[in-house]
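Residue numbers count from 1 along this sequence. Computation of the quantities below employed the complete heavy-atom set of this structure, encompassing side-chain atoms and omitting hydrogens, waters and symmetry-equivalent molecules.
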Amino acid sequence: MGKPVFELFVSYAPTIKIICMSIPSRLNRTLGLRLAIFIVIGNIIGSGVYKKVVPMAAELHSSGWVLICWVLGGIISLFGALSNAEIASMLADTGGEYTYYKKIYGRFFSYLYGWSNFTAIKTAAIAGIAYVFAQSLNSVVHLPTVLASWSDIGVLGIFYPFAAFEIKLTAILLIIILTWINTTGLKTGAGLSTGLMLLVLAGIMLIVLFGFSSPQAVLNAPFQMKTANAAPVTISAIFTAMLAAFWAYEGWNSVGFLGGEIKDPHRNVPLSITIGLLVVITVYILVNTAYLALLPLPRLVEMRTSGASIAAVEAVKVFWGYGGLIFISILILITTLGCTHTTILSNSRTYYAMAREGVFFPKVSKLNKAQVPANALWFQGVWACLLVLSGTFDQLTDMLIFAAFIYYGATTLGVFILRRKMPDAPRPYKVWGYPVVPALFILFCLSLIVNTIITRPREAAIGLTLILLGIPFYWWFNRKATPLL
């Protein structure tokens, strides 16, 4: 039947977030440190850099604290990534958390992770990125209003599927089109992915350069620690604001899918993560400082209320006017188009592998004539479209980060478990600062989960419900499961 599609996918697109490769593959350690750094950066930078400053400013009411949260989010992500790297270096030839959990916690928890990806994490990422694409497109072409009279129709007083329906409809169409394209076997080359990442970095640095040099920029504004409403900044507000920052840093766990392909992983895995994340932290600090210098804090809070504007778009309009609007909108369109495409393509392999193991819908285990899991792609696409209708971009990403950090904490806890269960196993890389660094990250994950339950009960409840729905489905799948592997 030829070389499996997922192997071609890995060889052609190393920057793509490969979520699961449970069918055995031969991984060659051909990636050096420089390419590994590019891969880390390319997997992180996405839609969050363009607009997450808005919910952070609305939560904290202090420019200085917004910047601090960007730094803290980067440091905490670094702690988690370094902990993840130890397990990735041990299990590099198997790839991804879906397989790690089989070694650490067993088959059920591994299944629950895959189910959570389908219901609350990766499909929400697809929905959220597509939503930003549609918002950016609206900034360029002004999408015609659709079903405006239905915008107040709600479900349980929680979901308003027809609010900003022209944005949601565009996001849904994008997901459908990209899902169909992926069923044809289309693959993105490594050169295109790397070129896209470099283009995005260049565009962001242009915003920084022209933003700081603009006569309209107030250069000391980003460093004001006092809140606009004179209220103290609470720990809870910091945690809530950091949910937004963590969406922008999402993707650091991609190291788990690269460990088997990196030369000298003992040295290059931790170095690439550290250098890559430090570059991203620096870029995020610079560009968000530019946003805060160009846009007064009350304006950012107002944007949060309206829910229709993107911070990067408004910032660039300050110094480039309509021409800047076109530039930044096209940049966001390119970024989110590519990110949505690769997220759709890579994550469908998780559900395909689950179905082959008998713990997902049997039809999802089928390949089409192009040797791709078309049914898995369509299952994923339909659910992502429903998530688009369920809420706004920020609601989706808050739910996603809440659910994701449950598993980030579980992976880091696995460092302690495997050191006890497999003390003599080869570890090409051991987490720096053990046991303090992984312990701190686990404590932070617990704190973020608890704080989200308190401050974002709706998003937390939806995320937990979607995760726990996997338990009866696991029983149902296992009644007559016949694994194909």
In terms of heavy-atom contacts, Leu33 and Ser272 come closest through CD1-N, 3.8 Å
Is a side-chain N or O of Asn288 found less than 3.5 angstrom from the main chain of Tyr284, in a donor-acceptor match? yes
Interatomic distance, CG@Leu67 vs CG@Leu72, rounded to 0.5 Å, equals 11.0 Å
In short, Ala403 meets Ile467 closest at the heavy-atom pair CB-CD1, 3.9 Å
Note to self: Between Tyr249 and Trp70 (side chain of the first, backbone of the second, donor and acceptor by atom type, cut-off under 3.5 Å), is there such a pair?
What the structure shows: yes
**OP:** Give the intermediate values and the outcome of side chain to side chain contact (heavy atoms under 4.5 Å, CB included) for residues Leu466 and Met399.
**Re:** CA-CA 10 Å; Leu466 292 174; Met399 179 191 72; 4.0 Å; yes
With side chain to side chain contact (heavy atoms under 4.5 Å, CB included) as the criterion, how do Val388 and Ile175 come out once you've worked through the C-alpha distance, each side chain's angles and the decisive distance to 0.1 Å?
CA-CA 10 Å; Val388 169; Ile175 292 170; 3.8 Å; yes
| Within a reach of under 6.0 Å around CH2 of Trp320, are more than 12 heavy atoms found that belong to other residues, nucleotides or ligands? | yes
*asked:* Is there a ring pair (Phe, Tyr, Trp, His ring centres under 6.0 Å) between Tyr408 and Phe405? Walk through the geometry before answering.
replied: CA-CA 5 Å; Tyr408 288 163; Phe405 265 78; 5.1 Å; yes
Result for side-chain contact (heavy atoms from CB on, under 4.5 Å) between Lys122 and one of Asn117, Leu400, Ile344 points to Asn117
Scanning both residues in full, the closest heavy-atom pair of Ala127 with Ala384 reads CB-O, 3.5 Å
Residue pairs meeting salt bridge (Lys or Arg N to Asp or Glu O under 4.0 Å), one or both in residues 317-339, sequence neighbours left out, come to Glu314-Lys317
Min side-chain heavy-atom separation Ile332-Val313 under 4.5 Å: yes
In this structure, CD1 of Ile401 is separated from CE of Met242 (nearest 0.5 Å) by 11.0 Å
Distance col, row Leu333:CG vs Ile330:CD1, nearest 0.5 angstrom, shows 7.0 Å
query = Hey, does Leu448 have a side-chain heavy atom less than 4.5 Å from the side chain of Thr452?
reply = yes
Going through the distances and angles, do Thr412 and Asn84 end up as a side chain to side chain contact (heavy atoms under 4.5 Å, CB included)? CA-CA 6 Å; Thr412 304; Asn84 188 294; 5.9 Å; no
Discussion item. Could you tell me if Ser116 and Tyr407 have a donor-acceptor pair between their side chains, going purely by distance under 3.5 Å?
Written reply: yes
Fill in: Phe246 ring center near Phe444 ring center (under 6.0 Å)
yes
CH2 of Trp383 to OG of Ser390, rounded to nearest 0.5 Å, is 8.0 Å
Fill in: Worked verdict on Phe212 versus Leu219 for side chain to side chain contact (heavy atoms under 4.5 Å, CB included)
CA-CA 7 Å; Phe212 285 152; Leu219 297 181; 4.2 Å; yes
Are side-chain heavy atoms of Ile126 and Leu387 found at a separation under 4.5 Å? no
query: Just by distance, with hydrogens left out, do Asn451 and Ser236 show a side-chain donor and acceptor under 3.5 Å apart?
result: yes
Contacts satisfying salt bridge (Lys or Arg N to Asp or Glu O under 4.0 Å) that involve residues 431-457 (not counting sequence neighbours) are Glu59-Arg456, Asp398-Arg456
| Are Phe118 and Tyr113 an aromatic pair by the rule of ring centers under 6.0 Å? | no
For the residue pair Met56 and Cys69, establish whether any side-chain heavy-atom pair is separated by less than 4.5 Å. yes
Note to self: Test your reading of the model: is there a side-chain donor-acceptor pair from Trp247 to the backbone of Lys52, 3.5 Å cut-off?
What the structure shows: no
Quiz item: Is there side-chain contact between Leu331 and Ile328, with heavy atoms separated by less than 4.5 Å?
Solution: yes
Any side-chain heavy-atom pair of Tyr291 and Ile207 under 4.5 Å: yes
Taken to the nearest 0.5 Å, the spacing of Phe402 CZ from Ile449 CD1 works out to 6.0 Å
- Heavy-atom side-chain proximity of Leu137 to Val141 below 4.5 angstrom: yes
Smallest heavy-atom separation, Ser63 atom then Leu297 atom, equals OG-CD1, 3.9 Å
All heavy atoms of Ala57 vs all of Val301, minimum pair found to be O-CG2, 4.2 Å
Do the side chain of Thr336 and the main chain of Ile129 share a donor and acceptor less than 3.5 angstrom apart?
no
Residue pairs passing the side-chain hydrogen bond (donor to acceptor under 3.5 Å, both in side chains) test with at least one member in residues 212-222, sequence neighbours excluded, are Ser214-Gln216
*Can you tell if the side chain of Tyr131 reaches within under 4.5 Å of the side chain of Ile172, non-hydrogen atoms only?*
no
One should read off an interatomic distance between Ile442 CD1 and Ser447 OG, to the nearest 0.5 angstrom, of 11.5 Å
When every non-hydrogen atom of Val54 is compared with those of Leu300, the smallest separation belongs to CG1-O, 3.4 Å
